[in-house]
Amino acid sequence: MPLLSSSRRALAALAAVLTLGLLTGCAEATEPTIDTAASSKSDPKPSQQALEPSSDSEALTTADDADAGRDGDEGRAGSSATGTALAMLEELPVKGRAPKTGYDGDLFKWRSDTDHNGCDTRNDVLRRDLTDITLKAGTQGCIVLAGTIADPYKGETYDFDRNANTVDIDHIVARSNAWQTGAAKFDEETLKEFGNDPLNLLAVSSSLNRQKSDGDAATWLPPNKSYRCEYVARQIAVKHKYDLWVVPAEKAAMERILGGCEGQPAFTEDAGWPDPGDGDNVTTKEEARPAKQESSSSGSGSSSGSGGSGSSSSGSANSSTYFENCTAAREAGAAPVHRGDPGYGSHLDRDGDGVACE
């Protein structure tokens, strides 16, 4: 009996050792073969392979980053680096367009002598933007009779003649656009400053200025494509200066233009006025007045003092022609209107120089 008990104990110990060995072997065989597909559903920690994005996920991340930038994030790498027009654009609020209620272009007092140099704003712009300038004698070096303009909107150079009136002064950010993006809340002085700010004014083709009207970057851009980058950068600078906002379509158009501008810098050039009498290659002369038209009435055509009840010269200020404003005069093809010509009125001649709707 003692011998039998000892044998049984030995067999039991041997069985235990064999069982432990089998269990250890099974554990070593199954540990490296984890099903990653199954574990990804239950294990919240992704594998290293899952952290490496595919090309599709990279594109999505880029788009998300761009959207985040539109919400005002700064310091993003690329074309919106500090000092660029894009970076300045990111600082502008984005809102919908406000109503035009209460808008009147005259509220901006365009052509006022805001810098008190004795010259109206239109002639300040002409003396700054034209070359080979001829000034009108007796106007303290203010009124430009002729010159040459390198039109940035057209991309062409041509002659300016005051009587022909082929040049307008464009508000780069139109007054109406400004009104609908924040200027409606300006006080009287700020409206006047905006309307006569050299940063926001440019001598350009009359036809293109009227074509632009009050359009923003989403609805109108200069035909001269090489100027569009600077044009948009300057619009952004004006809106930034006056705390105006951009509408979504306007911002998208600005981003599209600036995207092809090789990191277009923010517009910081000095756009101020030259002093009276200053400008490029300046000469001074008397203005040659255009010949007045002959009277169309029948009769002897006598022009003076005969006491006839009929006609006076067609240049008389007593003509029945009347223009409510310069827009009406231009549409009638009568601008500029000289003192004594049909339709002339002091309400059209704001600088009182005898030539209205220049």
Side-chain angles (χ1 to χ4, degrees), residues 100-114 119-126 130 136 138-139 142-147 149 151 153 159-171 174-179 188 191-192 194-196 200-215 220 287-297 301 303 310-358:
K100 201 173 177 179
T101 307
Y103 171 73
D104 184 342
D106 288 343
L107 292 170
F108 293 84
K109 294 182 170 59
W110 153 239
R111 293 189 65 164
S112 300
D113 181 15
T114 53
C119 304
D120 73 289
T121 307
R122 174 180 167 83
N123 283 290
D124 280 338
V125 181
L126 293 175
L130 271 58
K136 181 179 178 181
T139 62
C142 287
I143 296 178
V144 179
L145 294 179
I149 178 171
D151 190 331
Y153 287 1
D159 291 335
F160 162 77
D161 184 292
R162 186 169 186 245
N163 291 321
N165 195 38
T166 56
V167 171
D168 277 358
I169 308 302
D170 180 42
H171 285 82
R175 287 167 288 178
S176 174
N177 176 274
W179 185 265
E188 184 177 343
L191 286 170
K192 183 177 179 180
F194 181 92
N196 296 274
N200 194 34
L201 297 170
L202 203 59
V204 298
S205 156
S206 296
S207 60
L208 288 180
N209 182 48
R210 294 163 196 175
Q211 180 190 91
K212 171 187 172 180
S213 185
D214 60 355
W220 190 90
E287 181 179 23
R289 292 295 304 276
K292 293 183 179 181
Q293 298 175 352
E294 294 296 329
S295 173
S296 60
S297 62
S303 62
S311 58
S312 60
S313 167
S314 63
S316 169
N318 294 324
S319 167
S320 60
T321 303
Y322 175 78
F323 299 118
E324 181 178 357
N325 50 46
C326 285
T327 299
R330 291 189 182 106
E331 288 177 349
V337 188
H338 293 262
R339 182 179 287 119
D341 289 348
Y344 174 86
S346 59
H347 66 292
L348 304 176
D349 186 5
R350 295 188 179 182
D351 58 357
D353 67 345
V355 183
C357 305
E358 303 168 67

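As the structure is a computational prediction, the values presented were derived from the model and not from experiment. Residue numbers run from 1 in the order of the sequence given.
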To the closest 0.5 Å, what do you measure between CG (N200) and CZ (R175)?
9.5 Å

If you measure from CG on L145 to CG on N123, what distance do you get to the nearest 0.5 Å?
9.0 Å

Could you tell me whether the side chain of K212 reaches within less than 4.5 Å of the side chain of V204, counting heavy atoms only?
no

What residues, two or more places apart in sequence or in another chain, satisfy side-chain hydrogen bond (donor to acceptor under 3.5 Å, both in side chains) together with S213?
none

Partners passing side chain to side chain contact (heavy atoms under 4.5 Å, CB included) against A146 (at least two apart in sequence or in another chain):
T134

Y322 and H347 aromatic ring geometry - parallel, tilted or perpendicular at 30°/60° bounds:
parallel

Among residues at least two apart in sequence or on other chains, which ones pass side-chain hydrogen bond (donor to acceptor under 3.5 Å, both in side chains) with S205?
S207

Pairwise side-chain contact, I169 with L126, heavy-atom cut-off 4.5 Å (strictly under):
yes

Just how far is it from atom CG of L191 to atom CH2 of W110, taken to the nearest 0.5 Å?
15.5 Å

Roughly how far, to the nearest 0.5 Å, is the SG atom of C326 from the CG atom of L348?
4.5 Å

Looking at residues at least two apart in the chain, or sitting in another chain, which of them share a side-chain hydrogen bond (donor to acceptor under 3.5 Å, both in side chains) with T121?
N196

Who pairs with D161 by side chain to side chain contact (heavy atoms under 4.5 Å, CB included), at least two apart in sequence or on another chain?
N163, A164

With Y153, which residues qualify under side-chain hydrogen bond (donor to acceptor under 3.5 Å, both in side chains), at least two apart?
D170

Residue list, ring-ring contact (aromatic ring centres under 6.0 Å, His included) with F160, at least two apart or on another chain
none

Starting at CG of D124, measure out to CG of L201 and round the result to the nearest 0.5 Å.
9.5 Å

K192 side, atom NZ; T114 side, atom OG1 - distance, nearest 0.5 Å:
7.0 Å

May I ask you to test the D214-W179 pair for a side-chain heavy-atom distance under 4.5 Å?
no

